[in-house]
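Notes follow the structure.
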2 protein chains.
Amino acid sequence: MELQEAKDKFVQAWGTLGSQWGINRTMTQIHALLLVSAEPLSADDIMEQLQISRGNVNMNVRDLIDWGLVFKVLKPGERKEFFSAEKDIWKVFKQVVKERRRRELEPVFGILEDVSKVEGNPDNPEYKAFIKPIQDIQKIASRADSTLETLTKADENWFFSTLLKLLK
Amino acid sequence: MELQEAKDKFVQAWGTLGSQWGINRTMTQIHALLLVSAEPLSADDIMEQLQISRGNVNMNVRDLIDWGLVFKVLKPGERKEFFSAEKDIWKVFKQVVKERRRRELEPVFGILEDVSKVEGNPDNPEYKAFIKPIQDIQKIASRADSTLETLTKADENWFFSTLLKLLK
DNA sequence: TTATACTTTCAAAATTTTTTGAAACATATT
DNA sequence: AATATGTTTCAAAAAATTTTGAAAGTATAA
């Protein structure tokens, strides 16, 4: 397989994965492209390689920057801005976990807390049928959340070697 | 807060979370509704409570059954089918992890393996810039995958107590 | 066998999400 | 100050996804 073909396949696969997980396909494709580029790329480079418009590049690169996955790079003597992705994959992984937790999971934890304050008679089967799963979700969510929080602060080798040792 | 209001809020929040994570909003809403219902519900019940069409209910319930999160319940004497959600939240969590791994993560692992066979000179910076992140992703993915596989087979208390002890 | 009760399918419609591209904006150069 | 180079915005268009609803399908009862 040619390098270019392999890059294309990877960009494609990353894009598909992104969209299946609720992240804009183009955003993850740009991320993939920058991830495997030896040099930082300009908006024009990205436009050309992915065959997308300037506005699309601009918006999605901004989102990637907001997510902390991509950085502007200024080349001395050049007026253009260039973009480079964070190459430390463990950092990338932690950053994605951190952001999704903050943006999407935390609001749900808030709502769970909120609705678990519902008034009702503990003997009412309707009430019990509601409160039980809510409490169970809260319990698992808070445990999972602690694990994720640890993960977002941990060193890769420590985290996995600890984990894999324990779970064996 | 009234029970009905709390249910609605929960259904709403679960639907939003689902769509943010790439799962059909209605599918997760139906799941939420069944999760907090004391009794199994018929297609008509779901149509009424969520104000959606019969076709929509049918398709999304089928998907939930495919995911292993919902089951048909036949009430003696009734011609209608009723539906009930798996109420053991740990099982639900494991099932979702298992299915997404199988449907969405596994194909990507295949592609990573595929593209990592790319030919190239190990001294070529372009080649190195490609192969390094791919290998790093493979390494983290395979470690994460082992953890997830363990999770899908584990008992809740064992899994989290082990985990939280270790990560402290 | 025919009628009734319910479920499934799927093309078309509605909705949501993404993308475009041109105008406005910003900054550097002549 | 005028021009050139590059970036950002956002309303409109395009594309993708979801939903509808009526017709076809299936099974039970009369």
Side-chain angles (χ1 to χ4, degrees), chain A residues 11-34 40-67 70-84 100 103-104, chain B residues 11-34 40-67 70-84 100 103-104:
Chain A
V11 167
Q12 196 51 49
W14 215 235
T16 302
L17 188 66
S19 71
Q20 282 170 330
W21 285 74
I23 296 167
N24 183 307
R25 169 184 261 94
T26 301
M27 175 171 153
T28 53
Q29 285 181 338
I30 294 176
H31 182 236
L33 182 63
L34 293 175
L41 302 182
S42 67
D44 291 280
D45 296 332
I46 298 169
M47 285 168 68
E48 197 198 314
Q49 297 224 34
L50 300 181
Q51 289 291 301
I52 57 176
S53 72
R54 185 176 304 282
N56 200 2
V57 170
N58 187 277
M59 285 182 148
N60 282 295
V61 166
R62 175 146 43 68
D63 283 348
L64 283 164
I65 293 172
D66 288 345
W67 276 68
V70 162
F71 307 97
K72 280 192 188 173
V73 176
L74 297 171
K75 289 196 184 179
E78 294 254 27
R79 287 225 353 227
K80 267 185 199 169
E81 293 176 334
F82 290 79
F83 304 99
S84 179
R100 296 206 85 160
R103 296 169 190 226
E104 295 151 10
Chain B
V11 167
Q12 196 51 47
W14 216 236
T16 302
L17 188 65
S19 71
Q20 283 170 330
W21 286 75
I23 296 168
N24 184 307
R25 169 187 260 92
T26 301
M27 173 171 154
T28 53
Q29 284 182 340
I30 293 176
H31 181 235
L33 182 63
L34 293 175
L41 302 182
S42 68
D44 291 279
D45 296 333
I46 298 169
M47 285 168 69
E48 197 198 315
Q49 297 224 33
L50 300 180
Q51 289 292 303
I52 57 178
S53 71
R54 185 174 304 282
N56 200 1
V57 170
N58 187 276
M59 285 181 148
N60 281 295
V61 167
R62 175 148 40 68
D63 283 349
L64 283 164
I65 292 173
D66 288 346
W67 276 69
V70 162
F71 309 97
K72 280 191 187 174
V73 175
L74 298 171
K75 288 196 184 178
E78 293 257 28
R79 295 261 297 264
K80 267 187 201 168
E81 292 175 334
F82 290 78
F83 304 99
S84 179
R100 295 206 85 159
R103 296 169 191 226
E104 295 150 12

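Because the structure is predicted, anything quoted here is derived from the model rather than measured. Only heavy atoms go into these numbers, but all of them, side chains included; no hydrogens, no water, no symmetry mates. So you know, we letter chains A, B, ... as the sequences are listed, proteins then strands, and number each from 1.
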Task: A:N56 CG to C:dA22 C1', straight-line distance once rounded to whole Å - done: 15 Å
Open item on the list: For B:M47, give me all partners under side-chain contact (heavy atoms from CB on, under 4.5 Å), at least two apart in sequence or on another chain.
Closed with: B:D44, B:R54, B:V57
- [ ] First locate atom CG of B:L34, then atom CD of B:Q49, and finally report the distance between them rounded to the nearest 0.5 Å.
- [x] 9.5 Å
Task: Approximate separation, where rounding is to 0.5 Å, of B:W21 CH2 and A:I23 CD1 - done: 7.5 Å
- [ ] For atom CD of A:E48, decide whether the heavy atoms of other residues, nucleotides or ligands shown that lie under 6.0 angstrom number more than 12.
- [x] no
Task: Gap between atom CG of A:L17 and atom CZ of A:R25 - 0.5 Å precision - done: 10.5 Å
- [ ] Check DNA chain C against residues 12-29 of chain A and give the residues with a non-hydrogen atom under 4.0 Å, in numerical order.
- [x] A:N24, A:T26
- [ ] Return the value, rounded to whole Å, for the distance between atom CG of B:L50 and atom P of D:dT18.
- [x] 16 Å
Open item on the list: With side chain to side chain contact (heavy atoms under 4.5 Å, CB included) as the criterion, how do A:F82 and A:K72 come out once you've worked through the C-alpha distance, each side chain's angles and the decisive distance to 0.1 Å?
Closed with: CA-CA 6 Å; A:F82 290 79; A:K72 280 192 188 173; over 6 Å; no
Task: Interatomic distance where CE belongs to B:M59 and P belongs to D:dT19 [whole Å] - done: 10 Å
Return the polar atom pairs (N/O with N/O) between nucleotides 5-8 of chain D and the protein under 3.5 Å, or none.
| from | atom 1 | to | atom 2 | distance (Å) |
| --- | --- | --- | --- | --- |
| D:dT5 | O2 | A:R79 | NH2 | 2.8 |
| D:dT7 | OP1 | A:E81 | N | 2.9 |
| D:dT8 | OP2 | A:N58 | ND2 | 2.3 |
| D:dT8 | O5' | A:N58 | ND2 | 3.4 |

TODO: Whole angstrom is fine here: how far is it from CG in B:L74 over to C1' in C:dA5?
DONE: 15 Å
Open item on the list: A side-chain contact here means heavy atoms from C-beta on lying under 4.5 Å apart; do A:Q12 and A:Q29 qualify?
Closed with: yes
- [ ] Would you indicate whether the side-chain heavy atoms of B:D63 and B:N24 approach each other to under 4.5 Å?
- [x] no
- [ ] To the nearest Å, give me how far apart CG (B:N60) and C1' (C:dT7) are.
- [x] 15 Å
